[in-house]
Amino acid sequence: MQVYAPLYILVTGSIRNTYFCSMSIVSQLQQCTIAGLKALYERPFTAADFQVNQTKPEFEGDYTVVMFSLMKSLKLAPEEIGSALGGYLIQEYPNYFSAFNIIKGFLNLTVTDTYWTSLLQEKHADTGYGKKAMSGKKVMVEYSSPNTNKPLHLGHLRNNFLGWSVAEILKANGYEVIKSCIVNDRGIHICKSMIAWQFFANGATPDSTSTKGDHFVGTYYVRFNDEYKKQVESLVVSGLTKEEAEKEAPLMKATQQMLLNWEAGKPDVIDLWKTMNSWVYQGFDITYKRIGSDFDIIYYESNTYLLGKDIVQQGLDKKVFYKKDDGSIWIDLTTEGLDEKIVQRRDGTSVYITQDIGLHLQKYEQYKFDQSIYVIGNEQNYHMKVLQLICQKLGLPNADNIFHLSYGMVELTTGKMKSREGTVVDADDLVDEMIQTSRQHTEELGKVKDFTATELDALYNTIGLGAMKFYLLRVDPKKTMVFNPEESIDFHGFTGPFVQYTHARIKSILRKEPVTAHTPLPVLSPLLKLEKELLVILEQYPGIIEQAGDEHNPSVVANYVFNVAKIFNSFYTEHPIVSAETEEKKHVRLKLATMTANVIRSGMQLLGIPVPERM
RNA sequence: GGUCCGGUAGCUCAGUUGGAUAGAGCAUCAGCCUUCUAAGCUGAGGGUCAUUGGUUCGAAUCCAAUCCGGAUCACCA
């Protein structure tokens, strides 16, 4: 919890006038209400006994105590409770509440201008506003997890942006965060692109074809599937069943042999594998750098795929697992409503889930984390449920604190993305297009003609990527979302560039009128509607960070930051800042603008989106 | 078939520890640039919150049933 000195709290001597200075105004109101109910009715209530909401715009007031449940337990009419409680709050907490009205079961309270202006005075220049002090807790966030046989696509982008943003949000909530990635660099699917390269490439390389390495390898993965399909078809024509043909196709047999050779460590296969993977990594590096992803630790499946075997033995000893007659090892999860799950094949090799059990333990031993978050698509909900259950049954450390941040698939307006049908949206192509679009818009508007070429490139990147990240992060992670190409390059309305633009607008004013040059508040003239509206939403920022952290949900921040920008823009249109009615108003508005810019910058940073000074 | 997730405006999404007349953006229509950046602002139209029943002062939100969509239930990863 943040702690800030309550300069704006005036101590009046009454014991009941103790203030809860580091709290949000909502918590404050809850505490005051509890105290009031106790004083008035000599009965103990908790915050769960009544509801506090933001007052609807059509009514007078800032926050509302919903009294229906109180009416029931006190057996009193709303007017009675409302006038007693409202009167009490105004009398006992004059620094917080200045007026009230009662409509049906709603007690609407007006928060004093003193409260808002003191908040503004104290927080307007605080770039760490809303962020919590380090708690000493450590959390691992695993995300991205690409395969080394094809380039990154739209689905990976959602994953990467989510992982990055959740890491930033957790940092803001006081966690130490370790970002990790598990690279799926081995297995039959990796061998497919290797075999296709051997058969069809004639020694071509990314350099010889001027192709980005991951795309280069990706074409051979596609080529494999095409050629394999042809082989299967011709075998079917020659009389085999489809199943037989799929097994007997020469390409598949070669691939399976290659996998065996890889596992046996045959030098020529290992060399080819290393070479092709290095091509892919060169490509990934470029993409990760462009989209602003990075990791503190990268695990490779080629190193981890043998993990977990000791654990399987321990599980047998503990009778968590059992062995079937053929030698394969299983766990029975039917009492949990799941199925039986294999953890070791009859040939003694470990399966996908076994590696994950091993990796969990390895990560724990390495980092001693308090929580381990996996950013993985919802198609793996079952897998992750089983993983956690097994870890718990084995009594592995911190198994209860495995959290699957399950996100929904990204679909296209035309339907689902399918790698094999070529309906995927490539990450690099998309980034290119977004940057190109931002260039076009910027040139049309012609506001930054004095920028150098380098500055312009940086700006196009900021806007293009900002639009894309915001577009993918503004939706609740767990929901399947639709990617609409036209909508994604729209820079108006609920978009990243809209928020960035609002920031640039403010900065333009502050360059002319630095806020530091002004005397401190207090302010005597009453706050106008839009001034207060801005302060009300700015006051909510710490709570938003907390909520986003608790829910592992960046869309909470995206929605918030958009609303802040929207309210600021209304305010900006309605009220002049530099040429305000009075000097006092000018000071207040400059500070409001400063605080708004800081919150926008801070919130966007939690989404991994920089904001420009000009655009 | 079992399990899980979802269904809110033409489209994309908010809103669900039960609260006032269900909100944004896009799209459509009507306005606003001698004035701090119009990537902006103001206003209008647009809803059987999938359906039905239940719980209660009050249901988009909770419960039950039904319909529709998706994911998953591999000795693949």
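Residue numbers start from 1 in every chain, and the chains themselves are labelled A, B, ... in the order their sequence lines are given, proteins ahead of strands. Because the structure is a prediction, the values reported are computed rather than measured.
- Applying the side chain to side chain donor-acceptor pair (under 3.5 Å) test to A:Arg505 and every residue at least two apart in sequence or in another chain returns A:Tyr501, A:Asn569.
- Nucleic acid contact for A:Glu301: sugar-phosphate only, since backbone atoms but no base atoms lie under 4.0 Å from a heavy atom of the residue.
- Of the listed nucleotides (B:A20, B:U72, B:G25), B:G25 has the atom at the smallest distance from the side chain of A:Lys566.
- Between A:Tyr352 and A:Glu379, it is A:Glu379 whose nearest contact on RNA chain B lies nearer the 5' terminus.
- On a pure distance criterion of 3.5 Å, a polar donor-acceptor pair joins the side chain of A:Asn108 and the base of B:A20.
- Going from atom CD1 of A:Ile489 over to atom P of B:A27 covers 12 Å, rounded to whole Å.
- Nucleotide B:G15 holds its C1' atom 13 Å from the CD atom of A:Gln54, rounded to whole Å.
- Base engagement by A:Gln51 is indicated by at least one non-hydrogen atom pair under 4.0 Å involving a base atom.
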Name the atoms and distances for all side-chain donor-acceptor pairs under 3.5 Å in residues 402-416 of chain A, with sequence neighbours left out.
| residue | atom | partner | partner atom | Å |
| --- | --- | --- | --- | --- |
| A:His404 | NE2 | A:Ile376 | O | 2.9 |
| A:Ser406 | OG | A:Asn381 | OD1 | 2.8 |
| A:Tyr407 | OH | A:Asn159 | ND2 | 3.1 |

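- Listed by first and then second residue, the salt bridge (Lys or Arg N to Asp or Glu O under 4.0 Å) pairs that reach into residues 60-69 of chain A are A:Asp62-A:Lys532, sequence neighbours excluded.
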Taking only nitrogen or oxygen atoms into account, show me every contact under 3.5 Å that the protein makes with nucleotides 3-14 of chain B, one pair per line with its distance.
| residue | atom | partner | partner atom | Å |
| --- | --- | --- | --- | --- |
| B:U12 | O2' | A:Glu487 | OE1 | 3.3 |
| B:C13 | OP1 | A:Val482 | N | 2.7 |
| B:A14 | OP1 | A:Asp476 | N | 2.7 |
| B:A14 | OP2 | A:Lys479 | NZ | 3.0 |

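- Checked against B:G19, B:A77, B:G40, the side chain of A:Phe68 finds its nearest nucleotide in B:G19.
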- request: List the steps, then state whether side chain to side chain donor-acceptor pair (under 3.5 Å) holds for A:Gln380 with A:Tyr352.
  value: CA-CA 12 Å; A:Gln380 299 210 36; A:Tyr352 179 45; 2.7 Å; yes

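- Legend: residues meeting side chain to side chain donor-acceptor pair (under 3.5 Å) with A:Tyr322, ordered by chain and number and at least two apart, are A:Glu340.
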Subject >> Working for ring pair (Phe, Tyr, Trp, His ring centres under 6.0 Å), residues A:Phe571 and A:Phe568 >> reply: CA-CA 5 Å; A:Phe571 161 75; A:Phe568 180 84; 5.6 Å; yes

For RNA chain B, the dot-bracket notation using Watson-Crick and G-U wobble pairs below 3.5 Å, [ ] for pseudoknot-type crossings and | for other-strand pairs, is ((((((((.[[[[.)...(...]]]].(((((.......))))).....[[[[[..)....]]]]])))))))....

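- For the pair A:Asn553 CG and B:U16 C1', the interatomic distance rounds to 14 Å; values are reported in whole Å.
- Contacts of A:Tyr382 with the nucleic acid, taken as non-hydrogen atoms under 4.0 Å apart, involve only primed sugar atoms and P, OP1 or OP2.
- For A:Phe68, the ring-ring contact (aromatic ring centres under 6.0 Å, His included) partners two or more places apart in sequence, or in a different chain, are A:Phe106.
- Evaluation of the salt bridge (Lys or Arg N to Asp or Glu O under 4.0 Å) rule for A:Asp339 yields no partner, not counting sequence neighbours.
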Between the protein and nucleotides 59-65 of chain B, which nitrogen or oxygen pairs come in under 3.5 angstrom?
none

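- Within the 4.0 angstrom heavy-atom criterion, base atoms lie near A:Phe106.
- Every salt bridge (Lys or Arg N to Asp or Glu O under 4.0 Å) that A:Glu487 has, sequence neighbours left out, goes to A:Arg474.
- A close approach under 4.0 Å does occur between a side-chain nitrogen or oxygen of A:Lys72 and OP1 or OP2 of B:C57.
- Residues passing the salt bridge (Lys or Arg N to Asp or Glu O under 4.0 Å) test with A:Asp347: none are found, sequence neighbours excluded.
- Each of A:Ile103 and A:Glu340 lies near RNA chain B, and the nucleotide nearest A:Ile103 is the one positioned closer to the 5' end.
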Can you pull every protein N or O that's under 3.5 Å from an N or O on nucleotides 34-38 of chain B?
| residue | atom | partner | partner atom | Å |
| --- | --- | --- | --- | --- |
| B:C36 | O3' | A:Lys512 | NZ | 3.1 |
| B:C36 | O2 | A:Ile577 | N | 3.4 |
| B:C36 | O2 | A:Val578 | N | 3.0 |
| B:C36 | N3 | A:Ile577 | N | 2.9 |
| B:C36 | N4 | A:Tyr572 | O | 2.4 |
| B:C36 | N4 | A:His575 | O | 2.9 |
| B:U37 | OP1 | A:Ser508 | OG | 2.5 |
| B:U37 | OP2 | A:Ser508 | OG | 3.2 |
| B:U37 | OP2 | A:Lys512 | NZ | 3.3 |
| B:U37 | O2' | A:Tyr501 | OH | 2.2 |
| B:U37 | O2' | A:Arg505 | NE | 2.9 |
| B:U37 | O2 | A:Lys447 | NZ | 2.6 |
| B:U37 | N3 | A:Met615 | O | 2.9 |
| B:U37 | O4 | A:Ala504 | O | 3.4 |
| B:U37 | O4 | A:Met615 | N | 3.2 |
| B:A38 | OP2 | A:Arg505 | NH2 | 2.5 |

